[in-house]
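Read the structure below first, then the notes.
Sequence positions, counted from 1, serve as the residue numbers for this chain.
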Amino acid sequence: MNQTASSTDDTGTPRQGILLAAAMFVFVIDTSFMNVSISAVVHDLDTTVSGVQSAVAIEALVSAAFILISSKVGDLFGRKRAFVTGMVFYAVGALAMVFAQSLTAIIVFWAVLGGLGASLYLPAMQSLIHGNFEGKARAKIFALVGASAAIAAAIGPLIGGFVTTVLSWRVGFLIEALIILVVLIGSRSIRDVPYAGDRSIDVVGACLSVVAMGGLVIGVLVWQEGGESVALLLAIGSAAMAGLVYWLLRRKRQGKPVLLDPTLFASQLFRTGVSQIFLQQVALGGLLIALPIYLQLVWGYNALEAGITLAPLSLTMFGVALLAGRRAGRRRASSIVRAGFVLLAASIALLVVLVPRADSGWHLVIPLMLAGAGLGLLASQLNNYALAPISEERVGEAAGVTSATGSFGLSFGLAFAGAIMLATLSISFTNMAESSDVLPPADQERVAQVLEDDAQVMSDAQLGELLVDQPEDVQDEVLSINDEARDLALQVALVVALLAALAGIAVAFRMMRLPDPAPAQADPAVGG
């Protein structure tokens, strides 16, 4: 009798899986709410689009910079405790959005505190899944996590757009806080997964990891905002990353405790899965910065219209991830990942072509559905693929790596695509203004400066209000320059996403030559 009870206690239930998947749901819907409401947030807080986009990137940056440390915190103080604490931090961030009166409050509470919360609960969530489920059940729960992300992506823009247009963007974040409350109440039934490994702390490695990932992304963010010392920040981040690798290898050879055991990367399956997670998130970051700006600033859509226009992407992502999750194990994971990146690359290529030509959401339906299908396939496979060869006691730090890679890839994709977009705008504005036959020579430099400083965060209607005192031919010329330069900049941002998707295809062909990991089978290279 006792053996039966113990067996039952050690096996996760579908209800527990749903609660853990809900944590990923909250993470995705949070970003969806922010992106679809960008125009309303900018208007209500009297800030800029680049400022709000920077807050989005900072949240991803903070979670990436601290996630390796946070995964170790979960190992030392309890995975379930880290999960609950992280969810509480995330709830505070959501409530801060409900009451925020400035961009500073959003950055401090939503981006920084919320990012810390994500860094705690994302790796803990994956460790709890790995420890509560086994074999095919574990693969299905990881697929459920992917499906929950797809559900959030599907309904996030629609709910966010609806409540922003009808009520307020703040209501969307209140809904998010209520979902977190439900998860916290239900989390009492989730069994903790104890950590049996080395409990020593690698302080130097922790500091190097923060400086490395923080320096790289902050450097790109500073570039995006036109700041100084970009090269220095990138050099510091790169040097810290190289120093972290050297430190970890040296400490491991000496038999001393390390923040992250470098032998995790002895598994080709783990290395490949991590690289694919990074590329997927870079591509997603490029889409997340380009599409909301395109819909809300180029076409002048409100939040609801933007959410409806993006529905083909999100709904298709949901359906495909759910279907792929139900059919987990029937096809090779590597072939599904390859198909996902092919669909994603094809969709982005179509969007690049359509940006200067489309004038209705109907023109975007097919590429958005292709993107949703590709992202749905990837979401259903990559986490389980990367973590399958990892032994039980090391899954915490391995989950920290996958979560850090995803967060870093997303923040880097957002920041880099945004920086490239604004750099393209700046160069295009200047060149087009200086070569204009309509603008008086004395006004060309002034107009170029005005456009460089302001037009990237303004719709045509807003720019028209700024130019109301100018002659009609000057207004028409400036609006024409704005439209042409903005379309080119958005295309370049999408090319960043396209290059990441193409790299994913190349890596996927390498995946096809590797054996897929058997469920619950640890790779001998990393299992001990």
Side-chain angles (χ1 to χ4, degrees), residues 24-25 27-32 34-35 53 56-68 71 111 115 118-119 122-123 125-126 142 145-146 148-150 152-153 156 212-214 216-217 220-221 270-292 313-314 317 321 337 340-341 343-345 347-348 371-372 374-387 398-420 493-508 511:
M24 181 59 73
F25 177 92
F27 180 72
V28 175
I29 205 170
D30 182 74
T31 303
S32 296
M34 177 61 90
N35 279 286
Q53 287 289 354
V56 174
I58 287 170
E59 185 199 29
L61 163 66
V62 171
S63 65
F66 287 92
I67 208 162
L68 292 178
S71 65
S119 75
L122 287 176
M125 171 197 74
Q126 296 190 52
F142 272 117
V145 170
S148 73
M213 288 186 280
L216 290 172
V217 178
V220 179
L221 282 173
F270 182 72
R271 291 199 309 270
T272 305
V274 166
S275 66
Q276 292 292 63
I277 290 171
F278 175 78
L279 293 170
Q280 176 207 13
Q281 292 300 103
V282 170
L284 180 59
L287 288 176
L288 287 179
I289 196 170
L291 290 177
L313 183 152
S314 48
M317 181 178 174
V337 170
F341 275 115
L343 289 172
L344 184 58
S347 68
I348 299 171
L375 289 168
L377 290 175
L378 296 173
S380 71
Q381 302 297 317
L382 286 178
N383 270 325
N384 188 55
Y385 183 93
L387 294 179
V401 173
T402 59
S403 297
T405 300
S407 294
F408 180 71
L410 180 62
S411 61
F412 187 83
L414 283 165
F416 187 70
I420 290 291
L494 287 170
V495 167
V496 172
L498 177 60
L499 291 175
L502 291 174
I505 294 174
V507 176
M511 289 176 69

**Q.** With F341, the side chain to side chain contact (heavy atoms under 4.5 Å, CB included) member among L378, L375, V507, L502
**A.** L378

Give, for atom [atom1] of [X] and atom [atom2] of [Y], the distance between the pair rounded to the nearest 0.5 Å.
X	Y	atom1	atom2	answer
L284	L279	CG	CG	12.5 Å
Q280	S275	CD	OG	11.5 Å
I505	L344	CD1	CG	8.5 Å

(Q) Which residues pass the side-chain contact (heavy atoms from CB on, under 4.5 Å) test with V495, not counting sequence neighbours? (A) V352, L499

(Q) Holding to side-chain contact (heavy atoms from CB on, under 4.5 Å), I want the full list of residues that pass it with L343, two or more places apart in sequence or in another chain. (A) L370, A373, L377

Q) Looking at L498 and A345, what are the two nearest heavy atoms and their distance? A) CD1-O, 3.4 Å

Q | Nearest atoms (heavy-atom pairs only) where A497 meets A283 | A | CB-O, 3.3 Å

Q | Flag, side chain of Q276 to backbone of G504, donor-acceptor distance under 3.5 Å | A |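 Pair found, side chain donor or acceptor close to backbone of G504.
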
